[in-house]
Peer 1: 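Let me begin by handing over the structure; questions about it come next.
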Amino acid sequence: MERCIICKKAQDAGIHLYTSFICTDCEQEIVQTDTDDPKYKYYVEQMRVIKETKIVT
Ligand SMILES: [Zn+2]
């Protein structure tokens, strides 16, 4: 199992984004969340962290 970067829970189903992991539940959440929703900003923020990590490593 891997730890989801959005919900921080250990999940066995999900996708890998660079070196990070997003569980299926969160992936669906991101897809369904309106871009005006404050939650969306949080998701984008989390994914920006992934990209920055990728550049560093
Ligand atoms: Zn999750």
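Every number for a ligand or one of its atoms is a count from 1 in the order of the listing. As a basis for the values below, the full set of heavy atoms in this structure was taken, side chains included, without hydrogen atoms, waters or symmetry mates.
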Peer 1: With sequence neighbours excluded, tell me which residues meet side-chain contact (heavy atoms from CB on, under 4.5 Å) with K39.
Peer 2: E29, T33, D37, Y43
Peer 1: Under a single-linkage definition using a 4.5 Å side-chain heavy-atom cutoff for Ile, Leu, Val, Met, Phe, Trp and Tyr, are I15 and Y42 assigned to the same hydrophobic cluster?
Peer 2: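 The answer is yes; both residues are in one hydrophobic cluster.
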Peer 1: Around the Zn ion (ligand 1), what protein N, O or S atoms are found below 2.8 Å?
Peer 2: C4 SG, C7 SG, C23 SG, C26 SG
Peer 1: State whether the side chain of S20 and the backbone N or O of I5 hold a donor-acceptor pair below 3.5 Å, judged by distance alone.
Peer 2: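 A pair under 3.5 Å: no.
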Peer 1: Report the distance from atom CZ of R3 to atom CD of Q11, rounding to the nearest 0.5 Å.
Peer 2: 10.0 Å
Peer 1: If you group Ile, Leu, Val, Met, Phe, Trp and Tyr whenever their side-chain heavy atoms sit less than 4.5 Å apart, what else falls in with V44?
Peer 2: Y40
Peer 1: Please list all pairs meeting salt bridge (charged side-chain N to carboxylate O under 4.0 Å, His left out) that have one or both residues in residues 6-26, counting only residues at least two apart or in different chains.
Peer 2: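 Matches after skipping sequence neighbours: none remain.
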